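Bear in mind the structure is a predicted one, so any value in this text is a computation, not a measurement.
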Amino acid sequence: MKLGWTAAVTLLVASVPLWGQEEALPDLFSDVIDVRVVNLEVVVTDRKGNRIGGLEASDFELLVDGEPVPVEYFTEIDDGRATTSFGNLVGEAPTVAPDGPVATNYLIFIDELSAIRQSRNRILQNIEEDLDDLGPTDRVALVAFDGRSLTRIADWTSSRDDIEDALSRARDRKALGMQNKFGLGFQTRRSVLAAAGTLRSFAVAPGRKVMLILAAGWDTQVDLWNPRLLWLLGVRDASLNDLYGPLVHAANLVGYSLYPIDMGGAGPARSNDGRANQAEFGLTGLAAPWGGRPNTPEDSRRWHDVLRHLADETGGLPMINFFSNKALAETAEDTRSYYWLGFEPPRAQDDALHDILVRVIDRPWLRVRSRRSYMDMSKSTEVTMLVEGALLFGGAPGGVALEVHFGSPEKAGIRKIAVPMEVRIPLKDVTMLPAGDQWMNELEFRVTVIDEYGDHSETPIDRFPIHGSKAPSPGDTFIYETELVMRKRPHRYVAAVYDPLSGAILSATGTVGPDSGTVTTVGDVK
């Protein structure tokens, strides 16, 4: 049985970062992230900011979209150790023993696109000086983004020598804040998506998870963006949540708290003057976007609003002004004592965003800080993120390989080509169900491409039925035909077929471009 299906997919290349690596990235995208348990790191203080300990699960009220939800997992963490716990949830629920140590994982993300070298290196040096504040089981990972590619400078490590070496290498890297050619809004979009992708790549880590974000001047008002760029991106009247939603939702999905650091640093605002920058930074004729810091109190307030938004939505703290000089020490202190609450929400898998509120019963004067929402992500969206993650971080999603053939490219407009694509789907690897006198299924196909500059397409989903008059025999295939419309340059691609009936993902990766010819590419089998 040889089945055929023809469809057309047009890929418009948009801007998203590509990974560059000093070392091979861990393959964390081989499975869909199935978030069954929502974990909340809860800090309780009095009016003066003093921590309140000794509370029990019955002291807390947990509301989701305004409705009470039972606390199904609970433990108090005091000075890095679990004091009490109850609950028997599996999956994402933390597994700690009473009086056992609880590690904190510090994922450091450096936005080099907005960084001024002196300010960035001062913060990194301060982080190195505060390494003694880490516990013996705490770990650090370090990632840098230069506007085009993400580089993993260090994977998770608790070795003091390895962390110091990684921080030293980070200080030697370029800082592009004074050479930024992208424009503020364009830069912000790139950096936010890069940070969100980094979180998903480092999703699997036992213990408490925090991300330290070294950034400067991320935009706060979409009306400052280039109007033509906004039109192309389809963005209208964006709020902080619209601009930073991808990062906030990724953090809440995989259980990270965000601790954004004001990389502009403390000190008086500098004028945006090329001569002043030459005297201080040795750069002739270049004016920093904010002279090293926002030029006006209004600019500073808007930037600090971004830091507070990222922290407030995920249960972290913003590191502003003086606190940026002690970011690691302050984060370590803040994450050493808290309550860990967990609940298993009903799953509609409809991509809906749900509000979370935690409060202490009958003690309204106590202040409670935790993440504020979670997203009930659909399987379809998770698979799309899986495919895009494979494109950004390498590897191929799923456990079975697809066979892909490309035809000869044809001209498809100014500096664009259309490449015929044939995907052979082995029917033994998908589920076919009898329905009357037919054997049927409906599959989902995704393909996305990325070029050498880090620009990649959207990831359209094409759902198509397959059917036959009898059960498939060994060796039977379904042939799916489409074409890729892309810029006239080489691209790396990831193609994936998702079977909703079985949850199987079949995939292939490779290169495609002007010289594709009749190349055959087979994805790696995992």
Side-chain angles (χ1 to χ4, degrees), residues 26 28 37-45 51 53 73-85 92-110 123-124 126-143 152-164 166-167 195 198-214 250-261 310-311 314-319 323-324 326-342 369-371:
L28 301 178
V37 177
V38 176
N39 294 316
L40 306 174
E41 299 81 14
V42 179
V43 174
V44 181
T45 60
R51 296 291 178 104
Y73 174 90
F74 176 87
T75 187
E76 181 182 1
I77 310 299
D78 182 25
D79 197 25
R81 304 188 74 84
T83 60
T84 59
S85 66
E92 294 79 17
T95 53
V96 294
D99 200 36
V102 178
T104 300
N105 302 278
Y106 299 87
L107 176 55
I108 301 175
F109 176 85
I110 306 170
I123 293 174
L124 292 176
N126 290 336
I127 287 176
E128 182 173 334
E129 292 172 0
D130 289 340
L131 290 177
D132 288 339
D133 289 87
L134 301 183
T137 60
D138 293 343
R139 303 188 303 169
V140 173
L142 193 62
V143 172
R152 186 196 62 165
I153 300 175
D155 197 3
W156 293 124
T157 179
S158 57
S159 166
R160 175 71 176 264
D161 290 341
D162 290 346
I163 298 172
E164 289 179 348
L167 291 169
T198 300
L199 285 173
R200 287 190 60 86
S201 181
F202 287 84
V204 180
R208 179 77 186 267
K209 294 179 286 189
V210 302
M211 174 185 263
L212 298 175
I213 303 174
L214 280 67
N252 287 337
L253 177 69
V254 298
Y256 272 85
S257 300
L258 301 181
Y259 288 76
I261 304 170
L310 295 174
T314 61
L317 286 177
M319 298 296 162
F323 290 97
S324 67
K326 300 293 293 180
L328 181 61
E330 293 292 332
T331 302
E333 178 66 23
D334 188 61
T335 57
R336 190 163 287 126
S337 299
Y338 55 95
Y339 297 95
W340 229 340
L341 280 65
R369 168 162 54 92
S370 72
R371 67 183 76 254

Is there a donor-acceptor contact under 3.5 Å from the side chain of [X] to the main chain of [Y]?
X      : Y      : result
Asn105 : Pro206 : yes
Asp334 : Thr331 : no
Thr83  : Glu76  : yes
Lys209 : Ala203 : yes
Arg371 : Leu40  : no
Arg160 : Leu131 : no

Measuring from atom [atom1] of [X] to atom [atom2] of [Y], what distance do you get when rounded to the nearest 0.5 angstrom?
X      : Y      : atom1 : atom2 : result
Leu212 : Ile127 : CG    : CD1   : 6.0 Å
Glu41  : Tyr256 : CD    : OH    : 11.5 Å
Ser324 : Leu214 : OG    : CG    : 9.0 Å

Of all the heavy-atom pairs spanning [X] and [Y], show the shortest one and how long it is.
X      : Y      : result
Leu167 : Leu142 : N-CD2, 4.0 Å
Arg139 : Ala205 : NH2-CB, 3.7 Å
Pro136 : Ser158 : O-CB, 4.4 Å
Ser159 : Thr157 : N-OG1, 3.0 Å
Asn39  : Gly342 : OD1-CA, 4.2 Å
Ile153 : Ala166 : CG2-O, 3.6 Å

So do [Y] and [X] actually touch side chain to side chain, heavy atoms under 4.5 Å?
X      : Y      : answer
Leu107 : Val143 : yes
Leu258 : Val210 : no
Arg369 : Leu317 : yes
Trp340 : Phe74  : no

Give the C-alpha distance, both sets of side-chain angles, the deciding distance and a yes or no for side chain to side chain contact (heavy atoms under 4.5 Å, CB included) between Val44 and Tyr338.
-> CA-CA 7 Å; Val44 181; Tyr338 55 95; over 6 Å; no
Applying side chain to side chain contact (heavy atoms under 4.5 Å, CB included), run through Tyr106 and Thr335 and close with a yes or a no.
-> CA-CA 10 Å; Tyr106 299 87; Thr335 57; 3.5 Å; yes
Test side chain to side chain contact (heavy atoms under 4.5 Å, CB included) applied to Ile261 and Ile123, step by step = CA-CA 9 Å; Ile261 304 170; Ile123 293 174; 3.8 Å; yes
Run the numbers on Met319 and Leu328 for side chain to side chain contact (heavy atoms under 4.5 Å, CB included), then give the verdict.
-> CA-CA 9 Å; Met319 298 296 162; Leu328 181 61; over 6 Å; no
Is the closest side-chain donor-acceptor distance between Arg208 and Ser257 under 3.5 Å?
->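 Side-chain D/A pair, Arg208 to Ser257: present.
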Mind telling me whether Trp156 and Phe202 have parallel, tilted or perpendicular rings, with 30° and 60° as the class edges?
->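 If you compare the ring of Phe202 with that of Trp156, the planes turn out perpendicular.
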Answer yes or no: is there an ion pair linking Asp155 with Arg152, defined by an N-O contact shorter than 4.0 Å?
->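 Result for this pair is yes, salt bridge flagged.
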Only one of Asp132, Asp133, Leu134 forms a side chain to side chain contact (heavy atoms under 4.5 Å, CB included) with Asp130, so which one is it?
->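 The residue from Asp132, Asp133, Leu134 that satisfies side chain to side chain contact (heavy atoms under 4.5 Å, CB included) with Asp130 turns out to be Asp133.
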